[in-house]
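These notes concern the structure reproduced below.
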Amino acid sequence: MGKIISIASPKGGVGKTTTAVNLAASLAVAEKKVLLIDLDTSGAAGISLGFADNDRAPGVYQILKYTHSVRQCIHKTELKELDFVPMNPLKPVDEERINRLSDNKMLLHQLLIPLKQEYQYIILDCPPFIRGLMTAALAASDSVLIPAKVSHLSIEAIEKLFEHLKWLERFTNRPVATEGIVQTMYESRTKSGSIFQNTLIEKFNNILLSTVIPKNITLSECAYYGKPAILYDANSKGSIAYLELAQEIMRNNEYL
């Protein structure tokens with residue numbers, strides 16, 4: 001039985017999509033069968049994997065409208081073990097509709113359960129706002145991985161997310177475990193980086209992952225070329241860090 005992991009934070013710019021794409025790719029390189037689902041209406045995960053607008057259909061919009069099954073929306077990627085469900089390019093009216101459709105908080109949960117027999121990891125790239133698709137993703141997930149970039153607002157975002165998870169558990173009667181907090185875009189020689197890391201250790205030491213994702217130009221460049229870091233520059237610090245993150249998560253989920 002596979003595991004569904006949401007990559008989530010109610011704060012933009014912390015590396016959610018970068019983490020979702022590169023973690024999924026790194027798990028696939030480790031010969032785990034992985035499905036990555038883009039739930040952010042920006043469609044950034046698809047762009048990061050080299051999918052042009054006209055390649056991103058059918059996708060999540062059709063799934064939520066029940067015109068296609070999830071399996072009908074699965075696309076192959078350059079990596080043998082990594083499959084992908086894209087977010088369609090949406091008009092403003094479609095974005096509003098997809099938000100209304102995702103108000104059914106248990107919809108994704110019901111749709112994704114059968115796929116846990118086929119994939120060891122299902123990674124959900126969430127939007128940076130709680131209402132709608134993030135809540136539906138969390139309700140469908142077994143755990144949540146939280147990227148955190150150096151910022152006081154990142155700490156507040158983590159605390160806000162945990163409060164939301166408590167509410168969601170009461171609403172669904174289904175707890176969502178914390179896969180961990182991973183530091184992203186980390187700069188070790190800065191005072192702010194040290195202060196932030198110490199604050200994370202003080203507040204969240206029991207769920208803070210040991211892997212740290214450094215600020216790395218490769219992680220910025222590879223998205224422009226439509227490739228995960230492992231296929232763009234496997235020897236870069238960013239690529240190696242995400243491989244280490246995948247190893248840490250696999251160690252924490254040895255039963256998969």
Side-chain angles (χ1 to χ4, degrees), residues 1-9 14-40 42-51 55-56 59-60 63 70-71 73-87 108 112 115-128 133-134 137-138 140-147 179-182 184 209 211 213 216 218-234 236 238-253 256:
M1 180 71 74
K3 187 173 191 179
I4 302 174
I5 304 176
S6 278
I7 313 297
S9 171
V14 297
K16 287 187 295 296
T17 297
T18 299
T19 296
V21 169
N22 287 290
L23 172 60
S26 296
L27 289 167
V29 167
E31 299 186 341
K32 300 295 183 180
K33 188 65 177 174
V34 184
L35 177 64
L36 172 64
I37 302 179
D38 188 359
L39 294 173
D40 190 338
S42 70
I47 295 167
S48 298
L49 288 173
F51 285 80
D55 296 327
R56 289 192 278 130
V60 169
I63 292 169
V70 179
R71 286 185 179 85
C73 298
I74 292 174
H75 299 245
K76 295 297 181 182
T77 73
E78 290 185 73
L79 291 167
K80 179 183 175 182
E81 300 298 330
L82 176 60
D83 291 342
F84 178 58
V85 175
M87 173 60 73
L108 279 176
L112 295 181
L115 295 177
K116 293 174 73 174
Q117 301 290 342
E118 302 172 30
Y119 293 94
Q120 289 160 290
Y121 292 94
I122 300 175
I123 306 295
L124 308 181
D125 183 24
C126 295
L133 285 166
M134 183 196 289
L138 292 170
S141 297
D142 299 300
S143 66
V144 57
L145 176 64
I146 308 168
E179 195 69 35
I181 297 170
V182 57
T184 59
L209 297 178
T211 304
I213 309 300
N216 179 244
T218 295
L219 295 175
S220 301
E221 288 179 352
C222 64
Y224 288 103
Y225 291 93
K227 294 181 179 292
I230 190 67
L231 294 181
Y232 179 71
D233 183 356
S236 69
S239 179
I240 291 169
Y242 275 111
L243 288 169
E244 291 173 352
L245 177 62
Q247 290 295 324
E248 183 170 4
I249 285 178
M250 287 189 292
R251 286 195 301 272
N252 294 340
N253 296 278
L256 293 178

Measuring from L124:CG to S6:OG, what's the distance to the nearest 0.5 Å?
4.0 Å
Residue pair C73 / V70, side-chain heavy-atom distance below 4.5 Å:
no
Establish, from distance only, whether the side-chain atoms of T19 and Y242 form a donor-acceptor pair under 3.5 Å.
yes
Would you please test L36 and T77 for side-chain contact (heavy atoms from CB on, under 4.5 Å) and show each step?
CA-CA 10 Å; L36 172 64; T77 73; over 6 Å; no
All heavy atoms of I47 vs all of S42, minimum pair found to be CD1-O, 4.3 Å
Evaluate the side-chain proximity of V60 to M87: yes if any heavy-atom separation is below 4.5 Å, no if none is.
yes
Nearest-0.5 Å distance, CD1 of residue I7 to CD1 of residue I37:
12.0 Å
If we check side chain to side chain contact (heavy atoms under 4.5 Å, CB included) with L219, which of these qualifies: I213, V21, T184?
I213
From L35 atom CG to L115 atom CG, the distance as rounded to the nearest 0.5 Å:
6.5 Å
Result for side chain to side chain contact (heavy atoms under 4.5 Å, CB included) between E248 and one of L243, L209, N253 points to L209
First locate atom OG1 of T17, then atom CG of D125, and finally report the distance between them rounded to the nearest 0.5 Å.
3.5 Å
So do K116 and D142 actually touch side chain to side chain, heavy atoms under 4.5 Å?
yes
Nearest heavy-atom approach of A25 to L79 is CB-CD1, 3.6 Å
D83, I4, L112 screened by side chain to side chain contact (heavy atoms under 4.5 Å, CB included) with Y119, the one that passes:
D83
Atom pair CG/CE of L245 and M250 - distance to nearest 0.5 Å
9.5 Å
Can you check whether L133 reaches C126 side chain to side chain, under 4.5 Å on heavy atoms?
no
Non-hydrogen side-chain atoms of L39 and L108 separated by less than 4.5 Å
yes
Could you check whether the rings of F84 and F51 sit parallel, tilted or perpendicular, using 30° and 60° as the cut-offs?
tilted
Is the closest side-chain heavy-atom distance between L49 and D38 below 4.5 Å?
no
Going by salt bridge (Lys or Arg N to Asp or Glu O under 4.0 Å), name the pairs with one or both residues in residues 225-234, residues two or more places apart or in two chains.
E78-K227
Contact summary for A30 and Q247, nearest pair of heavy atoms:
CB-NE2, 4.3 Å
Between CD1 on residue I123 and CD on residue E179, distance to nearest 0.5 Å
8.0 Å
If only atom types and distance count, is the side chain of T218 paired as donor or acceptor with the main-chain N or O of G238 below 3.5 Å?
no
Identify the heavy atoms of H75 and P86 that sit nearest to each other, and give their distance.
CD2-CD, 3.3 Å
G46 versus R56, closest heavy-atom pair with distance:
CA-CD, 4.3 Å
Which residue pairs pass the side chain to side chain donor-acceptor pair (under 3.5 Å) test with at least one member in residues 21-35, sequence neighbours excluded?
none
Can D40 and K16 be counted as an ion pair, charged N to O under 4.0 angstrom?
no
